[in-house]
Student: 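To start, I am sharing the structure in question, which I have written as structure tokens.
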Amino acid sequence: MASEKLTEYELKRLENIRRNDEMLAALKIQSKATELFAAAKRQRVEAKSYNVKSEKKPKTETPVVIRRSLRSRGMPPDSKGLSDDSVDTSKLKDESPTKFKASDKISCPITIAYDEAVSDRPLIEAIMGMSKRETHSRASNGEVFSGSKDGDFLNDKREAGSGVSFHTEKRREDNAWTSLQLQSLTLKAENVARVVPGRITSVRFFPSSNARMIVAGNKFGNVGFWNVDFAGDEGNGIYLYRPHKVPISGILVQEHCLSKIYTSCYDGFIRMMDAENQAFNMVFSSDDSIFSLSQPTNDVNSFYIGEGRGGLSIWDNRVGKCSSKLALHEDRINTIDFNSRNPHIIATGSSDATACTWDLRSINGDQLKVLSTFTHKRAVQSAYFSRSGCTLATTSTDDVIGIYTGANFEDASTIYHYNQTGRWLSSFRAIWGWDDSNIFIGNMKRGVDVVSPVERSRVMTLQSPLMTAIPCRFDAHPYEIGTLAGATSGGQVYMWTTAEDAS
DNA sequence: AATCATCTTACCGTT
DNA sequence: AACGGTCCAGATGATT
């Protein structure tokens, strides 16, 4: 059945990968060479950046207070604990205009965080335009595909036909393109930008087949948008907001509704930026910090929220209530991921040094029956299913990338990867590329390691003199194969792309 | 059990 | 080119 098909698929891939051995070997040599070259000199290039008025610099004002509920601190619910305001008591005078108060339960206005003179109208228009085109192409095509015959908006740097839908592409079981694409991955100067100040904690592409819009959230609660294809006169396509005051832990943009951008935060709130109504609305609030946010692909009203010490809340946005509050882990849940083959299966990665798979159909009170537990020696920073859903990849501070395959992911292997990012960088999280054959993860030498889960080793390292800082957090464009965003602790985003040789 | 104290770490702005 | 500020992640070890 399914498992037989899987092995067949795996075998086929293995065969392909063996065929590409020589090419990969060549790549290794090449990457060694670039490594040496890059190490030789590192220049400081100032590329695109958000607009900052120097008087309004983001001072690191407020001490970061991790929210903890009264319950989890062992206090009765009515006792006076950490009040909402204690998060932002001191030194708020030089704050950005988006005054955040925890008491803003309903909404707060969308405001440019730094340069008020720069209008965000182009952004709103771009988002609304994307949104419109997306629904149009879906309606006319049945399937998501960028016909791009009406590509007036996107200045058509890309050739027609390059916006190949991932969904159609992935059906091709031939992965011969992989090493070719890998080889052609490049970082261009125009694809480097400082999107937010400070450390980026979360980065996301808009799930649009005909645009490249990147959202980044940082340590200070800023959310920055980078319209990579921006071609207007005013500004540079970068827009900065501040819907939160402490680190952003998750960004969510729904494929069918690009005008709603959800952000989760250590402050315990989920807000939705509604580009249509120009507001940051409160969606969800918790007494605990939110560390992770996810959503099943086919249910836009369900939010899976990792909060507090190991809690997972399932929020029904239609009803406006939590349908479940589950106690899954001993420590914070860093990632929540849904399996594409079976939407009832999720994987969680936790600082309690485990990753787990769960069956959502087995909810019983605040308990969920664990399917499998994958144990690391230290905190697990991420646990993501591959595109096909057949493999799970974990990243841990114990310097291991874990690979789990098989019908119940029982077939485990480990790949060594140095993951000691220290205190000033966001932790590394290995993400999957556009099929099951590649994993991308940052390294401490300002490179992007490409790891083959089948070979169980690094097959190449992306490096560029333009990458002046360590890329920690990544997102792969959901529709454009080979378009990869890496985000740094200095607020920069690097968008790697493949050389567009028309095929 | 929980809290505290300490150490690690890289980037950026200022000199 | 060198230096200081960052500040709450995560581990370890000591103290209640």
Side-chain angles (χ1 to χ4, degrees), chain A residues 39 41-47 49-50 52-75 81-82 86-88 90-91 94 114 192-202 216 218-222 244-249 265-268 288-292 306 308-310 329-335 349-354 376-382 395-400 418-429 442-447 466-473 486-494:
Chain A
K41 197 152 204 172
R42 185 167 77 96
Q43 74 221 51
R44 213 157 251 239
V45 204
E46 209 39 64
S49 173
Y50 59 90
V52 191
K53 281 182 178 166
S54 51
E55 323 87 68
K56 285 197 177 180
K57 254 180 250 166
K59 295 240 179 75
T60 326
E61 51 310 90
T62 43
V64 177
V65 178
I66 300 290
R67 287 174 70 91
R68 290 181 54 201
S69 65
L70 296 170
R71 177 183 41 76
S72 72
R73 278 175 290 144
M75 292 158 122
L82 177 69
S86 67
V87 174
D88 40 68
S90 58
K91 301 180 243 170
D94 51 358
Y114 293 98
V192 175
R194 201 174 297 276
V195 180
V196 289
R199 199 175 92 211
I200 293 175
T201 50
S202 187
N218 74 359
K219 196 180 64 159
F220 303 118
N222 294 114
H244 301 273
K245 291 211 94 63
V246 290
I248 307 282
S249 52
C265 181
Y266 281 26
D267 63 14
D288 283 315
S289 282
I290 300 172
F291 297 111
S292 44
R309 286 177 59 91
H329 283 276
E330 301 293 312
D331 211 334
R332 63 177 64 175
I333 297 172
N334 293 309
T335 60
S350 166
S351 292
D352 71 2
T354 66
H376 280 265
K377 293 195 181 72
R378 294 186 186 175
V380 177
Q381 299 298 343
S382 67
T395 309
S396 169
T397 37
D398 68 0
D399 292 337
V400 155
Y418 184 79
N419 294 330
Q420 303 305 306
T421 49
R423 181 188 185 184
W424 312 116
L425 302 188
S426 295
S427 55
F428 290 149
R429 291 176 175 177
N443 71 32
M444 292 299 277
K445 292 177 179 164
R446 299 188 189 86
L466 295 168
M467 246 181 6
T468 55
I470 294 166
C472 299
R473 295 288 160 92
T488 74
S489 287
Q492 287 161 304
V493 175
Y494 308 116

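This is a predicted model, so every value here is computed, not measured. Heavy atoms only: backbone and side chains are in, while hydrogens, waters and symmetry mates are out. Sequence lines set the chain letters: A, B, ... in the order given, protein chains first and strands last, and positions in each chain run from 1.
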Student: Can you check dA1(B) for me, syn or anti if syn means within 90° of 0?
Tutor: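 Here the answer is syn: the torsion falls within 90° of 0.
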
Student: Checking Gln420(A) side chain against Thr397(A) main chain: does a donor-acceptor pair fall under 3.5 Å?
Tutor: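 Side chain of Gln420(A) to backbone of Thr397(A): a pair is present.
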
Student: Measuring to OP1 and OP2 of dA9(C), would you say a side-chain N or O of Ser426(A) lies under 4.0 angstrom away?
Tutor: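 No, Ser426(A) has no side-chain N/O under 4.0 Å of OP1/OP2 on dA9(C).
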
Student: Tell me whether Glu330(A) at atom CD has more than 12 heavy atoms from other residues, nucleotides or ligands lying less than 6.0 Å away.
Tutor: no

Student: Can you tell me if Ser427(A) and Arg473(A) form a side-chain donor-acceptor pair at under 3.5 Å?
Tutor: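 Note: Ser427(A) and Arg473(A) side chains meet the donor-acceptor criterion.
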
Student: Give the nucleotide from the list dT9(B), dG10(C), dC11(B) with an atom nearest to the side chain of Ala469(A).
Tutor: dC11(B)

Student: Would you kindly give the CG-to-C1' distance between Asp352(A) and dA1(B), to the nearest whole Å?
Tutor: 17 Å

Student: Please give, in whole Å, the distance from dG10(C) P to Arg199(A) CZ?
Tutor: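 It works out to 9 Å between those atoms.
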
Student: Just N and O in the side chain of Arg446(A): are any of them under 4.0 Å from OP1 or OP2 of dC11(B)?
Tutor: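 Affirmative; the distance criterion is met.
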
Student: If I take atom CD1 from residue Ile200(A) and atom CD1 from residue Ile248(A), how far apart are they, to the nearest 0.5 angstrom?
Tutor: 11.5 Å

Student: Under a cut-off of 3.5 Å for both distances of each Watson-Crick or G-U pair, what dot-bracket string does DNA chain B give, using [ ] for crossing pairs and | for inter-strand pairs?
Tutor: .|||||||.||||||

Student: Under 4.0 Å: is that the gap between some side-chain N or O of Ser427(A) and OP1 or OP2 of dG10(C)?
Tutor: no

Student: So is the aromatic ring of Trp424(A) stacked onto the base of dT6(C), judging by whether the centres are under 5.5 Å apart and the planes are under 30° apart?
Tutor: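 So Trp424(A) counts as stacking on the base.
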
Student: May I ask you to verify if any side-chain N or O of Gln381(A) is less than 4.0 angstrom from the OP1 or OP2 atom of dG10(C)?
Tutor: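 Checking Gln381(A) against dG10(C): at least one side-chain N or O falls below 4.0 Å of OP1 or OP2.
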
Student: Using the side-chain heavy atoms of Ser489(A), tell me which of these nucleotides is nearest: dT9(B), dC11(B), dG10(C).
Tutor: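 Taking heavy atoms from C-beta onward, the closest nucleotide is dC11(B).
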
Student: Which nucleotide, dA9(C), dG10(C), dC8(C), lies nearest any side-chain atom of Tyr266(A)?
Tutor: dA9(C)

Student: What heavy-atom pair brings Asn419(A) and Phe428(A) nearest, and what distance separates the two atoms?
Tutor: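 The pair with the smallest heavy-atom distance is OD1-CD1, 3.7 Å.
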
Student: Let me know the distance between NE2 of His376(A) and P of dA11(C), rounded to the nearest Å.
Tutor: 12 Å

Student: Once you round it to whole Å, what is the distance between P of dC8(C) and NZ of Lys245(A)?
Tutor: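 Checked: the NZ to P distance equals 15 Å.
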
Student: Measure from the side-chain N and O atoms of Ser289(A) to the backbone N and O of Tyr266(A), and report whether any donor-acceptor pair falls under 3.5 Å.
Tutor: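 Yes.
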
Student: Indicate whether OP1 or OP2 belonging to dC12(B) is found under 4.0 Å from a side-chain N or O atom of Gln492(A).
Tutor: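 Affirmative; the distance criterion is met.
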
Student: On DNA chain C, compare the nucleotides closest to Arg423(A) and Lys377(A); which residue's is nearer the 5' end?
Tutor: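 Its nucleotide being nearer the 5' end, the pick is Arg423(A).
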
Student: Distance from Thr421(A) atom OG1 to Gln381(A) atom CD, nearest 0.5 Å?
Tutor: 7.0 Å

Student: Distance check needed: dC8(C) P versus Asn218(A) CG, whole Å only.
Tutor: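 For the pair Asn218(A) CG and dC8(C) P, the rounded distance is 12 Å.
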
Student: Can you tell me the distance, in whole Å, between the CZ atom of Arg332(A) and the P atom of dC8(C)?
Tutor: 10 Å

Student: Hey, does the side chain of Arg194(A) come within less than 4.0 Å of dC12(B)'s phosphate (OP1/OP2), counting only N and O?
Tutor: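 Yes, because at least one side-chain N or O of Arg194(A) sits under 4.0 Å from OP1 or OP2 of dC12(B).
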
Student: Nearest whole angstrom, please: distance from the P of dT9(B) to the CG of Asp399(A).
Tutor: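 Going from CG in Asp399(A) over to P in dT9(B) covers 12 Å.
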
Student: To the nearest angstrom, how far is Asn334(A) atom CG from dC8(C) atom P?
Tutor: 15 Å

Student: Working to the nearest 0.5 Å, report the span between CH2 of Trp424(A) and CD1 of Ile470(A).
Tutor: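 Spacing of CH2 (Trp424(A)) from CD1 (Ile470(A)) equals 14.5 Å.
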
Student: Between dT6(B) and dT16(C), how far apart are the P atoms? Round to whole Å, please.
Tutor: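 Those two atoms are separated by 14 Å.
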
Student: Measuring from the side chain of Met444(A) (C-beta onward, heavy atoms only), which nucleotide among dT6(C), dA10(B), dG10(C) has the closest atom?
Tutor: dA10(B)

